[in-house]
Amino acid sequence: MEMTTRNLHLDSKVDNCDGVINRNGGDMTEISVPLSHSGKRMPQIEGGNLYRLRDRKVLLEDKKCLCAWALGTALLGTLLMILHAELCPFIYQPGSRYAFIINCSISMSTGCLLILIVAFHYKDIRLFIIDHNQVDWRIAMTSRRVLGISLELLVCAIHPVGTYWEVGIPAPIAREGVEVNSSNSAPLCVSSRHGEVLLDTELLLSALMFLRLYLVHRTILLHSKVLLSASYRSIGSLNNINFTFRFVLKVLMNKYPARTLMVFIFLFWLIASWMLTLCERQTQEETGRMDTALWLIAITFLTVGYGDVSPKTSCGKVVCLFTGVMGVACTAMLVAVMTKKLALNKGEKHVHFFMMDIQISKRIRHAAANVLRECWLLHRTNLTKGNSGEHRRHQRCLLEAIRVFRHLRLKQRKLRDYASEMVDLPKMQMIMCDLSANWNNSYRELEQRIISMEQKLDELGHCFQQTSELLAQALRYRNPEIR
């Protein structure tokens, strides 16, 4: 037993480089066994696909986490900017230590956001390589992708930097008899000694920080049940559906239309009101207060426009213009949602049309009875031939009864046509499917019958041939002279 095992061990030799196995008798059989650098077997094709699926799942989870952290960092920077703009003119002065600390925090959050954006796109490129079974990452760097990444980094890098100009500049000191009014200071934490150019630049940078909210739609897409569900993705791939934010938004509007619209309108109302306040604060007008800005944005969004307040700056006018456009779009979506909610479903339509048809049928029977009654009364007045006025009155009544009867018949026909369009079309489709199935079955039966007839004809031909051969043999047997 030991000798047999040793001989088998000596006869089977494995080359670690080529994977060639030499077994008993010298028969060389090449079996390609892919080996790793450590000498272990690499997974086969199926195993490689499983590893790719596992890596893809890990990358999707990383993308979700990075996108959530990026959104949180963007919201943190935006909130710090809002606090900086609201507290600086009233709590601390430009150039103070608090203003510098808050602005440094905004810059640090912006740097973290840029790092998270770069990491997100790094994961996205790795996911592209796995999906397309590529090796070189430069294949994924198309001009469109490079432009999108550059634009995202530019948008996320925008933040106010006016406080850095104020470092070392002392706060204004109140002279005797002169009170420093904080309400007359600059709208942002920037001293007015640098001119209006820096104030306008700081205002523009603060307003453009809200562009970071584009990360909301990416977060909703990556955390939606539509993208996480394997059933959605498999059926969508079969129907060539791209799972973008547009598709997810349509799903949300179909499932939760009122909730989605209310959340969007409320957030847009608050953001637009604060931006209008920021724009109008430098004019010292009523629109520079939050309550007046909320009122102005509301009446502009609803396209009412009472005219009691209006924006004074160019920035405020742009905000109100954009608010009006969004108000018209949201009103159109609200009308579509309400129309869908108030529309009858299939069963309700069937019941409604059925009851209306019964009511119209009753009215038609009454109208037909009125026509017959007026015909009888007109015939009776013709027999008497005494009262011409009553005769004309019955003629007019007969014509009116005929008109009502025709009108009701036309109304019933229109109702049945509309009901057949809305309700009976699925029935007609089912009937046509049944007819096509019956035709297919009949066609198969006909083919089978034709095949059986061909087989019988072949059998008959074979029988005729055998009969002719038997007749020829019988004739040769009786008449040997016939060959």
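All values reported here derive from a predicted model rather than from experimental measurement.
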Flag the pair [X] / [Y] as yes when at least one side-chain heavy-atom distance between them is below 4.5 Å, and no otherwise.
{"X": "I82", "Y": "F210", "value": "yes"}
{"X": "I102", "Y": "L83", "value": "no"}
{"X": "T142", "Y": "V146", "value": "no"}
{"X": "T331", "Y": "F301", "value": "no"}
{"X": "L151", "Y": "L147", "value": "no"}
{"X": "P160", "Y": "M209", "value": "yes"}
{"X": "L270", "Y": "F266", "value": "yes"}
{"X": "K317", "Y": "C320", "value": "no"}

Could you tell me whether the side chain of [X] and the main chain of [Y] form a donor-acceptor pair under 3.5 Å?
{"X": "T260", "Y": "P257", "value": "no"}
{"X": "H121", "Y": "A119", "value": "no"}
{"X": "H223", "Y": "T219", "value": "yes"}
{"X": "T303", "Y": "I299", "value": "no"}
{"X": "D124", "Y": "F120", "value": "no"}
{"X": "R126", "Y": "W137", "value": "no"}
{"X": "T292", "Y": "R289", "value": "no"}
{"X": "E280", "Y": "K312", "value": "yes"}
{"X": "N254", "Y": "K250", "value": "yes"}

Roughly how far apart are [X] [atom1] and [Y] [atom2], rounded to 0.5 Å?
{"X": "I265", "Y": "L334", "atom1": "CD1", "atom2": "CG", "value": "6.5 Å"}
{"X": "L276", "Y": "M290", "atom1": "CG", "atom2": "CE", "value": "9.0 Å"}
{"X": "L60", "Y": "D55", "atom1": "CG", "atom2": "CG", "value": "11.0 Å"}
{"X": "L278", "Y": "M81", "atom1": "CG", "atom2": "CE", "value": "7.5 Å"}
{"X": "I220", "Y": "L71", "atom1": "CD1", "atom2": "CG", "value": "9.0 Å"}
{"X": "D291", "Y": "S273", "atom1": "CG", "atom2": "OG", "value": "10.5 Å"}

Inset, instruction - Go through the side-chain N and O atoms of R212 and T110 and say whether any donor and acceptor fall under 3.5 Å apart. - result: yes
Heavy atoms only: give me the nearest [X]-[Y] pair and the separation to one decimal.
{"X": "T313", "Y": "G316", "result": "OG1-N, 3.2 Å"}
{"X": "S224", "Y": "L221", "result": "OG-O, 2.9 Å"}
{"X": "A272", "Y": "V319", "result": "O-CG1, 3.8 Å"}

Inset, instruction - Give me the ring orientation class for W295 and Y306: parallel if the planes are under 30° apart, tilted from 30 to 60°, perpendicular past 60°. - result: parallel
Inset, instruction - Please work out whether the ring planes of Y214 and H217 are parallel, tilted or perpendicular, with thresholds of 30° and 60°. - result: tilted
Inset, instruction - Would you mind telling me which of L114, L113, I115 makes a side-chain contact (heavy atoms from CB on, under 4.5 Å) with I117? - result: L113
Inset, instruction - Using the side-chain contact (heavy atoms from CB on, under 4.5 Å) rule, pick out the option among I297, L296, L302 that qualifies with T300. - result: L296
Inset, instruction - Could you go through the side-chain contact (heavy atoms from CB on, under 4.5 Å) check for L213 and L75 one step at a time? - result: CA-CA 8 Å; L213 296 179; L75 292 177; 3.6 Å; yes
Inset, instruction - Mind checking ring pair (Phe, Tyr, Trp, His ring centres under 6.0 Å) for Y256 and listing every partner two or more places apart, or none if nothing turns up? - result: none
Inset, instruction - Just do the side-chain contact (heavy atoms from CB on, under 4.5 Å) check on H159 and L208 with the steps written out, would you? - result: CA-CA 8 Å; H159 68 285; L208 290 179; over 6 Å; no
Legend entry - CE (M141) with more than 12 external heavy atoms under 6.0 Å: yes
Inset, instruction - Kindly indicate, with the supporting measurements, whether the criterion side-chain contact (heavy atoms from CB on, under 4.5 Å) is fulfilled by M326 and F264. - result: CA-CA 11 Å; M326 293 302 297; F264 174 76; 3.3 Å; yes
Legend entry - Cation-pi, F128 ring and R145 (6.0 angstrom, 45 degrees): yes
Inset, instruction - Decide, yes or no, whether a salt bridge links E152 with R218 under the criterion of side-chain N to carboxylate O below 4.0 Å. - result: yes
Inset, instruction - Pick out which of K57, K123, R56 makes a salt bridge (Lys or Arg N to Asp or Glu O under 4.0 Å) with D62. - result: K123
Legend entry - Worked verdict on I129 versus I139 for side-chain contact (heavy atoms from CB on, under 4.5 Å): CA-CA 8 Å; I129 292 173; I139 298 175; over 6 Å; no
